[in-house]
Amino acid sequence: MINNKVLAIIKREIKERLMSKKFIYTTLAFPLIMFVILGVQAALFGLDKNETKNILVISNSGELLSKLEKGLPNNRKLRSNKYNFSFKLVDSAKVKEFVSERKNLLHKNKLTGIVFVPASALKNKQVQYFSKSAKNLKIQEQLSRALNMVLVDVYFSDKHIAPEDVKFARERVSFKTFKVSESKGIAEEGYGNLALAYVFTFLLYISLLMIGQLTMQSVMEEKTSRIVEVILSSVNSRELMAGKIIGSAIIGLAQMAIWISPIILLVSTTWFTLPKEITLSITLGQIGYFLLNYFVGLVLFLGLFAALGAVYDNVQDAQQGIWPIMMLIIIPFFIALMMMQNPNNAIADVSSIVPFASVIVMPVKMTLVDVQTWKIATALILNVLTIFLVFPFAGKIYRVGILRTGKKPKLTEVIKWVKYKY
Amino acid sequence: MNALEVSNLSKTFGSVKAVDEANFEVPEGSIFGLIGRNGAGKTTTLRLILSIYLPDSGKILFRGKEIDNTFRDSVGYLPEERGLYKKMTVMDTLLFFAEVKGKSGKAVQSRALDYLRKFNLYDRRNSKIEDLSKGNQQKIQFIATILHDPDFIILDEPFSGLDPINIDLLRQIILEKKEEGKVIIFSTHLMDYAEKMVDHLAMIDHGKIILKGSLAEIKSKYSQRNVSITFDGDISFLRNQPFVEKITDFGNTTGIRVKERRDTQKLLKLLVENNVTVTQFNANEISLQEIFVELAEDDKTEEAA
């Protein structure tokens with residue numbers, strides 16, 4: 001199948017695309033865009049943190065109020081989140097009235113909220129919160145912890161219990177996670193692999209779509225510029241299609257290798273050390289599989305994209321034909337994202353083996369949990385088999401479509417092409 | 001000897017018979033014209049010869065052997081609608097087209113440079129195709145067609161869309177290649193070009209070959225009762241002559257078909273007697289255009305019947 005002519009086409013494809021500014025820009029720009037997105041997210045998060053929150057704390061018990069006055073402003077967490085407190089003693093019957101008097105302040109954001117901590121809170125921990133946006137979960141959570149701290153202190157102060165005991169009672173249970181894997185025994189696990197799973201998911205998703213569309217456009221260019229007729233007088237359509245797809249897949253592989261090269265360096269050298277919480281537990285073998293799987297996946301998807309490019313004359317017309325292929329990429333993408341919560345759920349389990357879906361799901365799953373070797377091999381083999389199954393049809397559509405011009409063909413016509421003797 | 005023999009070739013697209021039981025032969029060392037109007041089946045026939053399409057039935061023999069992949073390497077093809085990769089450089093383009101024909105290396109490179117020098121494009125060898133004028137792009141396409149030194153050159157409507165300088169250039173290339181003993185097939189709907197260049201031809205209409213043979217034979221066969229004249233005066237009296245079968249006005253010349261061969265003398269005599277100033281009188285002369293119109297008309301009456 002691969003002869004010198006196919007090699008010539010592969011070479012041309014790689015030379016033209018690898019040297020193009022588009023390739024250089026997208027290869028460089030993509031990691032930058034990812035950093036920018038992460039940066040913007042962090043900035044937005046910080047913005048929220050830096051907003052001053054004015055909270056008025058009221059109580060019908062002077063004793064409780066004075067404890068709150070001491071406890072709340074000294075809470076470290078609240079201080080770093082810019083909380084400003086003021087305190088006032090209010091009769092419980094007059095709370096509603098008191099709040100209505102300050103309606104204006106609340107609405108003009110001079111006051112973020114009013115917390116009413118009645119004396120009864122020492123029995124049932126019930127407090128009332130009045131605010132323009134009373135359901136602000138973040139403020140609720142932060143205040144609740146701080147209030148709890150004060151209430152617990154007050155509650156136990158006359159119960160003759162040692163402060164260490166109170167401290168112990170207050171402590172939450174902390175999880176330290178260990179991953180039990182077959183090969184490496186028990187190792188402490190950080191967040192590194194979760195982050196890596198995210199990176200892999202996005203890289204696979206975006207590059208499949210990008211390389212796919214570029215290949216489709218390149219087929220369209222050959223079709224509309226009629227270069228294809230000269231080429232078909234030298235090679236047959238199968239050779240042309242094979243050359244095109246292999247060439248594009250090699251370009252995609254090169255791009256992916258560049259993108260994940262920092263990860264390869266991290267794993268294979270000791271040049272960089274990451275903090276313990278984010279160490280990556282991934283082997284070079286896994287990275288090798290990731291690239292191999294990506295290459296096979298690219299070939300599989302590019303067969304579809306190339307056939308699609310041959311059917312239509314321009315990108316606008318192709319939009320209606322592209323969505324079934326997009327679905328084959330987008331659905332696994334969401335399954336992979338969902339898998340971050342629980343990598344062992346049934347859908348993730350099945351889709352990590354199903355052809356097309358496994359291209360994205362399997363490598364992501366492998367970074368999250370141990371997957372049996374037979375499953376990994378099956379996923380890859382099924383994708384290769386699917387290539388052999390799908391390509392005769394894709395090739396037929398490509399062959400008929402590439403020489404057709406004029407009217408946009410209907411789906412029923414395209415199906416008929418498969419039966420044509422060309 | 002025939003370089004190419006096409007027998008009973010058929011190709012159907014849906015309900016359209018694009019090529020219908022076509023038979024013709026292309027002799028060694030000839031310029032062969034495939035002639036017909038637009039949509040007659042010329043391009044499909046050429047694509048079948050090139051294996052771009054597979055025939056429904058029929059055979060194509062190249063020097064006695066059925067065509068296969070190696071045949072492709074010995075063909076240079078210039079399609080009607082021409083195109084090049086816009087972003088590639090001139091040199092890369094030429095070398096790529098030679099490489100898919102199985103030719104690469106130093107020899108092809110120096111041949112490419114020779115051609116570029118010959119066509120005054122040497123200093124554009126590293127330019128991108130999109131930066132060349134349309135005329136120069138056409139020249140690059142010619143070079144790409146013949147760079148791998150094909151034995152067989154197939155040109156589909158080669159003169160359409162070319163500027164006058166390139167028409168002349170292409171004619172030179174064709175004649176040069178013929179001198180070298182190569183076989184050239186071209187299709188055209190322009191009878192004038194065909195008449196000036198081809199040795200052998202086949203006329204195709206509605207997918208059927210309606211006429212084939214050498215130009216000289218065909219002309220002598222069809223011209224026996226035909227006279228082509230250029231004149232001053234009124235010839236309307238001829239319409240009443242029983243020996244005149246048909247008068248066709250072609251503008252500059254008028255074609256007259258008589259009933260029998262010897263009637264041509266009678267015709268000349270009559271013209272002189274009626275004071276018509278005859279500036280040219282060509283017995284045994286008929287243009288391909290006339291033959292084609294006549295045959296295509298027959299075809300139409302057949303259809304009506």
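Here is how names work: the chains are called A, B, and so on, in the same order as the sequence lines, proteins then strands, and each is numbered from 1. Excluded from the calculations below are hydrogen atoms, water molecules and symmetry mates; all remaining heavy atoms, backbone and side chain alike, are included.
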Which answer fits [X], side chain, backbone, both or neither, if we ask what part of it has an atom under 4.5 Å from a heavy atom of chain B?
X	value
Glu16(A)	side chain
Lys11(A)	side chain
Ile9(A)	both

Practice problem: Start with the C-alpha distance between Leu403(A) and Arg47(B), add both sets of side-chain angles, then the distance that settles side chain to side chain contact (heavy atoms under 4.5 Å, CB included), and finish with yes or no. | Solution: CA-CA 11 Å; Leu403(A) 286 169; Arg47(B) 284 181 178 175; 4.3 Å; yes

So for [X], is it side chain, backbone, both, or neither that comes closer than 4.5 Å to the heavy atoms of chain A?
X	result
Gln141(B)	side chain
Val75(B)	neither
Tyr77(B)	both

Any chance you could measure [X], atom [atom1], to [Y], atom [atom2], to the nearest 0.5 Å?
X	Y	atom1	atom2	result
Lys87(B)	Met19(A)	NZ	CE	16.0 Å
Leu7(A)	Glu99(B)	CG	CD	8.5 Å
Arg72(B)	Lys5(A)	CZ	NZ	7.0 Å

Quiz item: Judged by atom type as modelled, is there a donor-acceptor pair below 3.5 Å linking the side chain of Arg226(A) to the main-chain atoms of Pro79(B)?
Solution: no

Quiz item: Looking only at heavy atoms, which two atoms of Leu50(B) and Ser233(A) are closest? And how far apart?
Solution: CD2-CB, 4.0 Å

Quiz item: If you take all heavy atoms of Arg399(A) and Ser51(B), which pair is closest and at what distance?
Solution: NH2-O, 4.0 Å

Quiz item: Is there a donor in the side chain of Glu222(A) and an acceptor in the side chain of Tyr85(B), or the other way round, less than 3.5 Å apart?
Solution: yes

Practice problem: Look at Arg82(B) together with Glu229(A) and state whether they make a salt bridge at an N to O cut-off of under 4.0 Å. | Solution: no

Quiz prompt | salt_bridge(Asp92(B), Lys15(A)) N-O dist < 4.0 Å | solution = yes

Beyond-backbone contact of [X] with [Y], side-chain heavy atoms, under 4.5 angstrom:
X	Y	result
Tyr53(B)	Leu232(A)	no
Phe97(B)	Ile227(A)	yes
Ser234(A)	Lys101(B)	yes
Val230(A)	Glu81(B)	no

